[in-house]
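Residue numbering restarts at 1 for every chain, and letters A, B, ... go by the order of the sequence lines.
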Amino acid sequence: MSLIQPRTLKGFRDYLPEVMIPRERMMQTAREVFRSFGFAPIDTPVLEHLEILTGKGSDETDRQIYRFQDNGGRDVGMRFDLTVPLARFAAQHIGTLGKPFKRYHIAPVWRGENPQAGRYREFVQCDFDTIATESVLADIEAVAVINSLLESLGFDRFTISLNNRTILTGLLEGLGLSDSTVPVLRSLDKLTKIGREKTIAEMVSAAGVTEDQAESVLRLADCNGTPEEIFAMLPEVTGGNETAAAGIDRLQEIYQGAVASGVPARRIKLDVSIARGLDYYTGVIFETTLDDLPEIGSVCSGGRYDNLAGLYTKQHLPGIGASLGLDRLLAAMEKLELLPKISAPAPIFIAYFDADHRDDYLRLAANLRSAGLGVEVYPEPKKLGAQLKYADQKGFTLALIAGGNEWDASTVQVKTLASKETSDVAYIHDDAKELVAFVTNALAAK
RNA sequence: GUGGCUAUAGCUCAGUUGGUUAGAGCAUCGGAUUGUGAUUCCGAGGGUCGGGGGUUCAAGUCCCCUUAGCCACCCCA
(Lines give C-alpha, C1' and ligand atoms only; values in the text may rest on other atoms or scores of the structure.)
Protein backbone atom coordinates (compact mmCIF):
# COMPACT_ATOMS: atom_id res chain seq x y z
CA MET A 1 0.00 0.00 0.00
CA SER A 2 1.46 3.33 -0.99
CA LEU A 3 1.51 6.10 1.57
CA ILE A 4 -0.32 9.35 1.13
CA GLN A 5 2.11 12.23 1.14
CA PRO A 6 1.41 14.44 4.15
CA ARG A 7 1.21 18.02 2.93
CA THR A 8 -0.75 21.22 3.30
CA LEU A 9 -2.38 23.22 0.52
CA LYS A 10 -0.47 26.04 -1.11
CA GLY A 11 -0.61 29.13 1.06
CA PHE A 12 -1.91 27.16 4.10
CA ARG A 13 0.24 26.40 7.12
CA ASP A 14 0.50 24.24 10.22
CA TYR A 15 1.32 25.94 13.48
CA LEU A 16 3.73 24.14 15.81
CA PRO A 17 3.61 24.63 19.58
CA GLU A 18 6.56 27.03 19.61
CA VAL A 19 4.61 29.33 17.28
CA MET A 20 1.17 28.64 18.70
CA ILE A 21 2.10 29.52 22.28
CA PRO A 22 3.16 33.12 21.49
CA ARG A 23 0.35 33.34 18.96
CA GLU A 24 -2.27 32.50 21.57
CA ARG A 25 -0.66 34.92 23.96
CA MET A 26 -0.89 37.69 21.35
CA MET A 27 -4.57 37.01 20.81
CA GLN A 28 -5.13 37.06 24.54
CA THR A 29 -3.36 40.40 24.81
CA ALA A 30 -5.44 41.81 21.96
CA ARG A 31 -8.65 40.58 23.60
CA GLU A 32 -7.72 42.24 26.87
CA VAL A 33 -7.01 45.56 25.14
CA PHE A 34 -10.28 45.45 23.19
CA ARG A 35 -12.28 44.62 26.29
CA SER A 36 -10.59 47.42 28.21
CA PHE A 37 -12.05 49.89 25.71
CA GLY A 38 -15.50 48.31 25.85
CA PHE A 39 -15.44 46.29 22.64
CA ALA A 40 -17.49 43.08 22.71
CA PRO A 41 -16.56 39.79 21.02
CA ILE A 42 -18.60 38.37 18.16
CA ASP A 43 -18.19 35.52 15.73
CA THR A 44 -19.78 34.75 12.37
CA PRO A 45 -19.81 31.66 10.12
CA VAL A 46 -16.89 30.88 7.85
CA LEU A 47 -19.32 30.30 4.99
CA GLU A 48 -21.68 32.95 3.71
CA HIS A 49 -24.13 33.01 0.84
CA LEU A 50 -22.00 34.00 -2.13
CA GLU A 51 -24.15 37.05 -2.86
CA ILE A 52 -23.25 38.45 0.57
CA LEU A 53 -19.56 38.38 -0.25
CA THR A 54 -19.26 39.37 -3.89
CA GLY A 55 -19.38 42.85 -5.30
CA LYS A 56 -18.12 44.53 -2.13
CA GLY A 57 -14.57 45.27 -3.16
CA SER A 58 -13.07 45.29 -6.62
CA ASP A 59 -13.26 42.58 -9.26
CA GLU A 60 -9.84 41.61 -7.97
CA THR A 61 -11.19 40.74 -4.52
CA ASP A 62 -14.12 38.85 -6.02
CA ARG A 63 -11.69 36.70 -7.93
CA GLN A 64 -9.88 35.81 -4.70
CA ILE A 65 -12.95 34.50 -2.87
CA TYR A 66 -13.00 30.75 -2.31
CA ARG A 67 -16.34 29.67 -3.67
CA PHE A 68 -18.19 26.44 -4.31
CA GLN A 69 -21.60 24.82 -4.18
CA ASP A 70 -22.58 23.12 -0.96
CA ASN A 71 -24.26 19.74 -0.85
CA GLY A 72 -27.63 21.42 -1.20
CA GLY A 73 -26.59 23.16 -4.40
CA ARG A 74 -26.30 26.62 -2.78
CA ASP A 75 -23.60 29.02 -4.00
CA VAL A 76 -21.42 29.73 -0.98
CA GLY A 77 -18.13 31.48 -0.32
CA MET A 78 -15.57 31.57 2.48
CA ARG A 79 -15.21 34.95 4.13
CA PHE A 80 -12.55 37.11 2.56
CA ASP A 81 -12.28 39.55 5.45
CA LEU A 82 -14.16 40.32 8.66
CA THR A 83 -15.64 43.62 7.54
CA VAL A 84 -18.19 42.26 5.07
CA PRO A 85 -19.47 39.69 7.58
CA LEU A 86 -19.73 42.54 10.11
CA ALA A 87 -21.83 44.53 7.66
CA ARG A 88 -24.22 41.61 7.21
CA PHE A 89 -24.23 40.94 10.95
CA ALA A 90 -24.97 44.57 11.77
CA ALA A 91 -27.74 44.84 9.20
CA GLN A 92 -29.31 41.69 10.61
CA HIS A 93 -28.96 42.41 14.34
CA ILE A 94 -28.59 46.16 14.85
CA GLY A 95 -32.09 46.31 16.27
CA THR A 96 -31.13 44.17 19.23
CA LEU A 97 -27.53 45.34 19.56
CA GLY A 98 -28.22 48.97 20.35
CA LYS A 99 -26.24 51.91 19.04
CA PRO A 100 -23.42 52.58 18.93
CA PHE A 101 -22.10 49.06 18.69
CA LYS A 102 -18.47 48.19 19.39
CA ARG A 103 -17.18 44.76 18.54
CA TYR A 104 -13.96 42.87 18.03
CA HIS A 105 -13.55 39.74 15.98
CA ILE A 106 -10.48 37.51 15.84
CA ALA A 107 -10.86 34.81 13.21
CA PRO A 108 -9.29 33.30 10.11
CA VAL A 109 -10.11 34.55 6.61
CA TRP A 110 -9.32 33.04 3.21
CA ARG A 111 -8.03 34.58 0.01
CA GLY A 112 -7.11 32.67 -3.12
CA GLU A 113 -4.11 34.75 -4.08
CA ASN A 114 -0.51 33.85 -4.71
CA PRO A 115 1.43 33.40 -1.47
CA GLN A 116 4.41 35.61 -0.77
CA ALA A 117 6.53 36.71 2.14
CA GLY A 118 4.11 37.23 5.04
CA ARG A 119 1.11 36.57 2.79
CA TYR A 120 -0.94 33.44 2.92
CA ARG A 121 -4.23 32.04 1.69
CA GLU A 122 -5.42 31.48 5.22
CA PHE A 123 -4.59 33.97 7.93
CA VAL A 124 -6.08 35.38 11.08
CA GLN A 125 -7.50 38.86 11.16
CA CYS A 126 -7.99 40.76 14.32
CA ASP A 127 -10.55 43.49 13.76
CA PHE A 128 -12.23 46.08 15.93
CA ASP A 129 -14.95 48.48 14.84
CA THR A 130 -17.30 51.04 16.28
CA ILE A 131 -20.43 51.37 14.22
CA ALA A 132 -23.49 53.60 14.19
CA THR A 133 -21.74 56.75 15.31
CA GLU A 134 -20.03 59.53 13.44
CA SER A 135 -18.52 61.05 16.53
CA VAL A 136 -14.90 62.10 16.33
CA LEU A 137 -14.49 60.44 19.71
CA ALA A 138 -14.71 57.05 18.02
CA ASP A 139 -11.95 58.09 15.59
CA ILE A 140 -9.74 59.22 18.44
CA GLU A 141 -10.42 56.05 20.34
CA ALA A 142 -9.38 53.93 17.36
CA VAL A 143 -5.96 55.57 17.40
CA ALA A 144 -5.71 54.98 21.14
CA VAL A 145 -6.62 51.32 20.71
CA ILE A 146 -3.92 50.83 18.09
CA ASN A 147 -1.40 52.44 20.40
CA SER A 148 -2.43 50.25 23.34
CA LEU A 149 -2.40 47.09 21.23
CA LEU A 150 1.16 47.52 20.04
CA GLU A 151 2.37 48.74 23.38
CA SER A 152 0.83 45.75 25.17
CA LEU A 153 2.38 43.40 22.66
CA GLY A 154 5.78 44.74 23.64
CA PHE A 155 6.50 47.24 20.87
CA ASP A 156 7.80 50.69 21.61
CA ARG A 157 9.09 52.07 18.33
CA PHE A 158 6.20 52.31 15.86
CA THR A 159 4.46 54.99 13.84
CA ILE A 160 0.75 55.50 13.32
CA SER A 161 0.25 57.38 10.05
CA LEU A 162 -2.95 59.39 9.88
CA ASN A 163 -4.79 60.93 7.00
CA ASN A 164 -8.31 62.01 6.20
CA ARG A 165 -9.63 61.06 2.84
CA THR A 166 -12.02 63.97 2.91
CA ILE A 167 -9.08 66.29 2.32
CA LEU A 168 -8.29 64.53 -0.92
CA THR A 169 -11.93 64.34 -1.84
CA GLY A 170 -12.21 68.08 -1.36
CA LEU A 171 -9.14 68.79 -3.42
CA LEU A 172 -10.38 66.60 -6.25
CA GLU A 173 -13.78 68.28 -6.00
CA GLY A 174 -12.07 71.64 -6.43
CA LEU A 175 -10.22 70.33 -9.46
CA GLY A 176 -13.41 68.98 -10.98
CA LEU A 177 -12.19 65.40 -10.62
CA SER A 178 -14.85 63.97 -8.33
CA ASP A 179 -15.59 61.16 -10.78
CA SER A 180 -11.99 59.95 -10.88
CA THR A 181 -11.51 59.71 -7.14
CA VAL A 182 -10.84 55.98 -6.95
CA PRO A 183 -8.20 55.66 -9.70
CA VAL A 184 -6.48 58.83 -8.48
CA LEU A 185 -6.30 57.45 -4.97
CA ARG A 186 -4.93 54.15 -6.22
CA SER A 187 -2.14 55.88 -8.07
CA LEU A 188 -1.41 58.18 -5.19
CA ASP A 189 -1.07 55.24 -2.84
CA LYS A 190 1.93 54.09 -4.87
CA LEU A 191 3.82 57.36 -4.53
CA THR A 192 6.38 56.17 -1.99
CA LYS A 193 6.91 52.99 -3.96
CA ILE A 194 7.29 54.12 -7.57
CA GLY A 195 8.27 57.77 -7.22
CA ARG A 196 6.86 61.08 -8.31
CA GLU A 197 7.31 60.91 -12.09
CA LYS A 198 5.75 57.49 -12.47
CA THR A 199 2.88 58.42 -10.20
CA ILE A 200 2.04 61.40 -12.37
CA ALA A 201 2.32 59.26 -15.49
CA GLU A 202 0.00 56.66 -14.01
CA MET A 203 -2.55 59.24 -12.92
CA VAL A 204 -2.62 60.65 -16.43
CA SER A 205 -3.01 57.27 -18.10
CA ALA A 206 -5.13 55.41 -15.52
CA ALA A 207 -7.32 58.20 -14.20
CA GLY A 208 -7.46 60.39 -17.29
CA VAL A 209 -6.44 63.59 -15.54
CA THR A 210 -4.18 66.31 -16.93
CA GLU A 211 -0.59 66.70 -15.82
CA ASP A 212 -1.43 69.96 -14.07
CA GLN A 213 -4.18 68.27 -12.12
CA ALA A 214 -1.87 65.46 -11.14
CA GLU A 215 0.68 68.03 -9.99
CA SER A 216 -1.94 69.64 -7.75
CA VAL A 217 -2.71 66.31 -6.16
CA LEU A 218 0.97 65.66 -5.55
CA ARG A 219 1.45 69.07 -3.96
CA LEU A 220 -0.85 67.79 -1.26
CA ALA A 221 1.21 64.64 -0.93
CA ASP A 222 4.33 66.76 -0.63
CA CYS A 223 3.24 68.24 2.67
CA ASN A 224 5.81 67.01 5.14
CA GLY A 225 6.92 68.02 8.59
CA THR A 226 5.50 68.17 12.05
CA PRO A 227 1.73 67.95 12.40
CA GLU A 228 1.61 71.66 13.20
CA GLU A 229 3.52 72.54 10.05
CA ILE A 230 1.34 70.34 7.91
CA PHE A 231 -1.87 71.77 9.34
CA ALA A 232 -0.54 75.23 8.49
CA MET A 233 0.14 74.26 4.87
CA LEU A 234 -3.03 72.36 4.08
CA PRO A 235 -5.60 75.16 3.61
CA GLU A 236 -3.56 76.73 0.84
CA VAL A 237 -2.66 73.49 -0.89
CA THR A 238 -6.30 72.46 -1.05
CA GLY A 239 -7.24 75.79 -2.60
CA GLY A 240 -9.64 76.77 0.15
CA ASN A 241 -12.12 74.04 -0.78
CA GLU A 242 -14.81 73.73 1.90
CA THR A 243 -14.97 69.94 2.00
CA ALA A 244 -11.23 69.81 2.39
CA ALA A 245 -11.32 72.43 5.14
CA ALA A 246 -13.79 70.33 7.10
CA GLY A 247 -11.53 67.33 6.63
CA ILE A 248 -8.55 69.28 7.91
CA ASP A 249 -10.46 70.35 11.03
CA ARG A 250 -11.50 66.80 11.68
CA LEU A 251 -7.98 65.49 11.31
CA GLN A 252 -6.72 68.15 13.68
CA GLU A 253 -9.31 67.14 16.26
CA ILE A 254 -8.29 63.50 15.97
CA TYR A 255 -4.64 64.33 16.35
CA GLN A 256 -5.17 66.49 19.41
CA GLY A 257 -7.59 64.01 20.93
CA ALA A 258 -5.21 61.12 20.46
CA VAL A 259 -2.42 63.00 22.18
CA ALA A 260 -4.80 63.98 24.98
CA SER A 261 -5.77 60.33 25.48
CA GLY A 262 -2.17 59.36 26.04
CA VAL A 263 -0.79 58.42 22.64
CA PRO A 264 2.78 59.76 22.52
CA ALA A 265 3.01 62.46 19.85
CA ARG A 266 6.26 60.94 18.57
CA ARG A 267 4.29 57.92 17.35
CA ILE A 268 1.83 59.93 15.28
CA LYS A 269 2.65 61.10 11.81
CA LEU A 270 0.41 62.93 9.38
CA ASP A 271 0.81 61.51 5.93
CA VAL A 272 -1.62 63.03 3.47
CA SER A 273 -0.44 60.70 0.73
CA ILE A 274 -1.66 57.43 2.20
CA ALA A 275 -4.91 56.49 0.57
CA ARG A 276 -5.54 52.76 1.19
CA GLY A 277 -6.75 50.77 -1.74
CA LEU A 278 -10.11 49.83 -0.28
CA ASP A 279 -12.83 51.95 -1.81
CA TYR A 280 -15.16 52.01 1.15
CA TYR A 281 -13.09 54.27 3.36
CA THR A 282 -14.43 57.80 3.34
CA GLY A 283 -12.90 59.62 6.30
CA VAL A 284 -9.85 59.19 8.49
CA ILE A 285 -7.52 56.39 7.49
CA PHE A 286 -4.51 54.97 9.28
CA GLU A 287 -1.60 52.67 8.80
CA THR A 288 0.87 51.51 11.40
CA THR A 289 4.46 50.55 10.69
CA LEU A 290 7.24 49.30 12.93
CA ASP A 291 10.18 51.70 12.96
CA ASP A 292 12.65 48.83 13.18
CA LEU A 293 11.04 46.78 10.45
CA PRO A 294 9.27 49.08 7.99
CA GLU A 295 9.71 46.68 5.08
CA ILE A 296 7.08 44.27 6.33
CA GLY A 297 4.43 46.91 5.68
CA SER A 298 1.46 47.99 7.69
CA VAL A 299 0.72 45.93 10.80
CA CYS A 300 -2.52 47.68 11.68
CA SER A 301 -4.65 49.56 9.18
CA GLY A 302 -8.15 50.86 8.94
CA GLY A 303 -10.31 53.89 8.72
CA ARG A 304 -13.74 55.44 8.72
CA TYR A 305 -16.48 54.40 6.36
CA ASP A 306 -19.75 56.20 5.77
CA ASN A 307 -22.05 53.42 5.04
CA LEU A 308 -21.03 49.97 6.05
CA ALA A 309 -24.19 48.02 5.43
CA GLY A 310 -25.95 49.94 2.69
CA LEU A 311 -26.16 46.82 0.54
CA TYR A 312 -28.07 44.91 3.20
CA THR A 313 -30.25 47.47 4.98
CA LYS A 314 -31.76 50.91 4.58
CA GLN A 315 -30.40 51.84 7.98
CA HIS A 316 -27.50 54.24 7.82
CA LEU A 317 -24.58 52.61 9.61
CA PRO A 318 -21.37 54.63 9.58
CA GLY A 319 -18.40 53.31 11.45
CA ILE A 320 -14.70 53.19 12.05
CA GLY A 321 -12.38 50.28 12.61
CA ALA A 322 -9.05 48.72 11.98
CA SER A 323 -7.41 45.37 11.55
CA LEU A 324 -4.35 44.12 13.37
CA GLY A 325 -1.98 41.97 11.30
CA LEU A 326 -1.43 39.30 13.88
CA ASP A 327 0.68 36.90 11.84
CA ARG A 328 2.68 39.71 10.35
CA LEU A 329 3.44 40.97 13.84
CA LEU A 330 4.39 37.49 14.91
CA ALA A 331 6.85 37.31 12.02
CA ALA A 332 8.19 40.71 13.08
CA MET A 333 8.64 39.58 16.67
CA GLU A 334 10.51 36.56 15.42
CA LYS A 335 12.83 38.75 13.36
CA LEU A 336 13.36 41.19 16.18
CA GLU A 337 13.98 38.25 18.53
CA LEU A 338 11.20 39.23 20.90
CA LEU A 339 9.98 35.64 21.20
CA PRO A 340 11.14 33.23 23.91
CA LYS A 341 11.79 29.69 22.63
CA ILE A 342 9.53 27.72 24.90
CA SER A 343 7.30 24.91 23.79
CA ALA A 344 6.39 23.55 27.22
CA PRO A 345 2.89 24.75 28.07
CA ALA A 346 3.34 23.92 31.76
CA PRO A 347 6.32 25.04 33.86
CA ILE A 348 6.77 21.94 36.04
CA PHE A 349 8.00 18.52 34.94
CA ILE A 350 7.63 15.36 37.01
CA ALA A 351 10.07 12.59 36.16
CA TYR A 352 8.45 9.16 36.38
CA PHE A 353 11.12 6.57 36.89
CA ASP A 354 10.08 4.35 39.77
CA ALA A 355 7.25 2.27 38.32
CA ASP A 356 6.29 0.95 41.79
CA HIS A 357 5.20 4.45 42.82
CA ARG A 358 3.09 5.30 39.78
CA ASP A 359 0.09 6.43 41.78
CA ASP A 360 2.29 8.57 44.01
CA TYR A 361 3.50 10.55 40.99
CA LEU A 362 -0.07 11.03 39.82
CA ARG A 363 -1.16 12.19 43.25
CA LEU A 364 1.77 14.58 43.45
CA ALA A 365 0.79 16.10 40.09
CA ALA A 366 -2.85 16.39 41.14
CA ASN A 367 -1.89 18.12 44.38
CA LEU A 368 0.15 20.72 42.53
CA ARG A 369 -2.53 21.27 39.90
CA SER A 370 -5.18 21.90 42.49
CA ALA A 371 -2.89 24.64 43.78
CA GLY A 372 -3.10 26.19 40.31
CA LEU A 373 0.27 25.02 39.02
CA GLY A 374 0.87 23.60 35.53
CA VAL A 375 2.38 20.11 35.72
CA GLU A 376 3.34 17.47 33.19
CA VAL A 377 4.15 13.88 34.21
CA TYR A 378 6.41 11.92 31.88
CA PRO A 379 4.38 8.96 30.63
CA GLU A 380 7.05 6.23 30.60
CA PRO A 381 9.36 5.04 33.40
CA LYS A 382 12.48 5.61 31.30
CA LYS A 383 16.01 6.42 32.40
CA LEU A 384 16.10 9.58 34.45
CA GLY A 385 18.76 11.06 32.17
CA ALA A 386 16.53 10.74 29.13
CA GLN A 387 13.63 12.34 30.98
CA LEU A 388 15.69 15.30 32.11
CA LYS A 389 16.95 15.80 28.59
CA TYR A 390 13.37 15.90 27.35
CA ALA A 391 12.41 18.35 30.09
CA ASP A 392 15.31 20.63 29.27
CA GLN A 393 14.64 20.68 25.55
CA LYS A 394 10.97 21.39 26.04
CA GLY A 395 11.82 24.42 28.16
CA PHE A 396 10.35 23.40 31.50
CA THR A 397 11.44 25.55 34.41
CA LEU A 398 11.44 22.98 37.22
CA ALA A 399 11.77 19.22 37.37
CA LEU A 400 10.50 17.23 40.34
CA ILE A 401 12.44 14.05 41.01
CA ALA A 402 11.31 11.40 43.45
CA GLY A 403 12.39 7.77 43.73
CA GLY A 404 12.53 5.20 46.49
CA ASN A 405 14.81 7.38 48.64
CA GLU A 406 12.56 10.42 48.44
CA TRP A 407 9.29 8.56 48.91
CA ASP A 408 10.75 6.90 52.02
CA ALA A 409 11.95 10.22 53.39
CA SER A 410 8.75 12.07 52.47
CA THR A 411 10.61 14.56 50.33
CA VAL A 412 10.77 15.57 46.68
CA GLN A 413 13.88 16.79 44.93
CA VAL A 414 13.17 20.08 43.13
CA LYS A 415 15.57 20.83 40.31
CA THR A 416 15.87 24.18 38.57
CA LEU A 417 16.62 23.05 35.05
CA ALA A 418 18.49 26.11 33.86
CA SER A 419 20.94 26.21 36.78
CA LYS A 420 20.94 22.46 37.62
CA GLU A 421 20.53 23.34 41.30
CA THR A 422 18.54 20.93 43.43
CA SER A 423 16.85 21.12 46.82
CA ASP A 424 15.06 18.48 48.85
CA VAL A 425 11.67 19.69 49.98
CA ALA A 426 9.32 17.99 52.40
CA TYR A 427 6.21 16.53 50.85
CA ILE A 428 3.51 14.40 52.44
CA HIS A 429 0.51 13.12 50.54
CA ASP A 430 -2.48 15.40 50.76
CA ASP A 431 -0.37 18.08 52.38
CA ALA A 432 1.59 19.71 49.63
CA LYS A 433 1.65 23.13 51.28
CA GLU A 434 5.37 23.30 51.83
CA LEU A 435 6.17 21.99 48.37
CA VAL A 436 3.65 24.34 46.73
CA ALA A 437 5.15 27.29 48.55
CA PHE A 438 8.67 26.32 47.54
CA VAL A 439 7.76 25.70 43.91
CA THR A 440 5.72 28.88 43.61
CA ASN A 441 8.65 30.80 44.98
CA ALA A 442 11.09 29.13 42.60
CA LEU A 443 8.86 29.87 39.60
CA ALA A 444 8.53 33.51 40.58
CA ALA A 445 12.29 33.83 41.01
CA LYS A 446 12.97 32.46 37.53
C1' G B 1 -3.46 35.58 -13.11
C1' U B 2 1.94 37.24 -15.07
C1' G B 3 7.37 37.02 -14.64
C1' G B 4 12.35 35.60 -12.08
C1' C B 5 15.06 32.17 -8.72
C1' U B 6 14.95 27.46 -6.20
C1' A B 7 13.80 21.93 -4.92
C1' U B 8 19.16 16.08 -2.62
C1' A B 9 17.72 12.20 4.74
C1' G B 10 13.08 14.93 9.85
C1' C B 11 16.34 19.96 9.55
C1' U B 12 20.73 22.75 7.21
C1' C B 13 23.41 21.63 3.08
C1' A B 14 27.89 19.00 -0.13
C1' G B 15 27.76 16.15 -4.64
C1' U B 16 33.52 18.30 -10.05
C1' U B 17 33.03 19.02 -17.79
C1' G B 18 26.92 13.59 -17.18
C1' G B 19 30.55 8.10 -15.16
C1' U B 20 30.64 2.31 -10.28
C1' U B 21 27.07 1.33 -4.38
C1' A B 22 24.45 9.60 -3.38
C1' G B 23 27.58 11.95 1.46
C1' A B 24 28.31 15.34 6.00
C1' G B 25 26.63 18.00 10.31
C1' C B 26 22.47 18.39 13.45
C1' A B 27 18.19 15.59 15.08
C1' U B 28 16.21 10.49 16.27
C1' C B 29 16.99 5.47 18.34
C1' G B 30 20.33 1.82 20.96
C1' G B 31 24.77 1.10 23.96
C1' A B 32 29.17 2.70 27.18
C1' U B 33 26.26 4.66 32.22
C1' U B 34 19.72 -0.51 36.62
C1' G B 35 18.75 7.40 40.14
C1' U B 36 20.49 13.14 37.58
C1' G B 37 19.95 16.58 31.39
C1' A B 38 23.32 21.22 26.72
C1' U B 39 30.29 17.02 27.18
C1' U B 40 32.63 12.46 25.08
C1' C B 41 32.94 7.64 22.59
C1' C B 42 30.74 3.36 19.79
C1' G B 43 26.71 1.68 16.83
C1' A B 44 21.90 1.82 14.09
C1' G B 45 17.78 3.38 11.29
C1' G B 46 16.39 6.88 7.79
C1' G B 47 16.69 8.74 0.29
C1' U B 48 11.01 6.92 -5.65
C1' C B 49 17.64 12.99 -5.45
C1' G B 50 9.71 17.14 -5.40
C1' G B 51 6.59 14.35 -9.43
C1' G B 52 6.15 12.91 -14.81
C1' G B 53 8.31 12.56 -19.60
C1' G B 54 12.65 13.03 -22.90
C1' U B 55 18.12 13.02 -24.66
C1' U B 56 22.24 9.40 -23.69
C1' C B 57 25.91 3.36 -23.46
C1' A B 58 25.13 6.12 -18.73
C1' A B 59 21.07 11.55 -15.59
C1' G B 60 21.03 14.01 -8.72
C1' U B 61 23.75 16.63 -12.93
C1' C B 62 21.23 18.30 -19.67
C1' C B 63 16.00 19.49 -22.03
C1' C B 64 10.43 19.86 -21.60
C1' C B 65 6.03 19.66 -18.58
C1' U B 66 4.05 19.76 -13.68
C1' U B 67 3.77 20.66 -8.29
C1' A B 68 5.56 23.38 -4.17
C1' G B 69 8.58 27.32 -1.83
C1' C B 70 10.87 32.18 -2.11
C1' C B 71 10.93 37.07 -4.66
C1' A B 72 8.45 40.90 -7.76
C1' C B 73 3.81 42.81 -10.26
C1' C B 74 -1.46 43.25 -8.87
C1' C B 75 -3.70 43.68 -4.38
C1' C B 76 -3.37 43.44 0.70
C1' A B 77 -2.97 41.57 6.90
Name the nucleic acid region contacted by [X], choosing base, sugar-phosphate or nothing; use a 4.0 angstrom heavy-atom cut-off, strictly under.
X	result
A/G11	sugar-phosphate
A/E406	base
A/G385	sugar-phosphate
A/L417	base

Which value, rounded to the nearest 0.5 Å, describes the distance between A/N164 atom CG and A/F286 atom CZ? 11.0 Å
Give, for atom CG of A/L368 and atom CD1 of A/I350, the distance between the pair rounded to the nearest 0.5 Å. 5.5 Å
Any donor-acceptor N/O pair, A/R67 side chain to A/D62 backbone, under 3.5 Å: yes
Answer yes or no: is there a donor N or O on one side and an acceptor on the other, between the side chain of A/R79 and the main chain of A/P85, under 3.5 Å? no
Below 4.0 Å: OP1/OP2 of B/rU28 and any side-chain N or O of A/Q393: yes
Taking only side-chain nitrogens and oxygens of A/Q116, does any of them come within less than 4.0 Å of OP1 or OP2 of B/rA72? yes
Measuring only the [atom1] atom in each nucleotide, how far is [N] from [M]? A whole number of Å is fine.
N	M	atom1	answer
B/rU56	B/rA22	P	25 Å
B/rG53	B/rU16	C1'	28 Å
B/rU17	B/rG4	C1'	27 Å
B/rA7	B/rG54	P	23 Å
B/rA77	B/rU12	P	31 Å
B/rG10	B/rA72	P	30 Å
B/rA32	B/rA68	C1'	44 Å

Side chain [X] and base [N] donor-acceptor under 3.5 Å:
X	N	answer
A/D354	B/rG35	no
A/E113	B/rA77	yes
A/R119	B/rC75	yes
A/Q413	B/rU36	yes
A/K415	B/rU36	yes

Going by purine N1 to pyrimidine N3 plus the second Watson-Crick contact, or the G-U wobble pair, all under 3.5 Å, which nucleotide sits opposite [N]?
N	answer
B/rA68	B/rU6
B/rU40	B/rA32
B/rA59	none
B/rU48	none
B/rG1	B/rC73
B/rA24	B/rU12

Using whole Å, what does the distance between atom P of nucleotide B/rG35 and atom OH of A/Y378 come to? 14 Å
Any donor-acceptor pair under 3.5 Å linking the side-chain atoms of A/Q28 with those of A/E32? yes
Ring-on-base stacking B/rG37 with A/Y390 (under 5.5 Å, under 30°): no
Given salt bridge (Lys or Arg N to Asp or Glu O under 4.0 Å), test A/D43 with A/R103 step by step and report yes or no. CA-CA 10 Å; A/D43 202 4; A/R103 74 89 232 233; over 6 Å; no
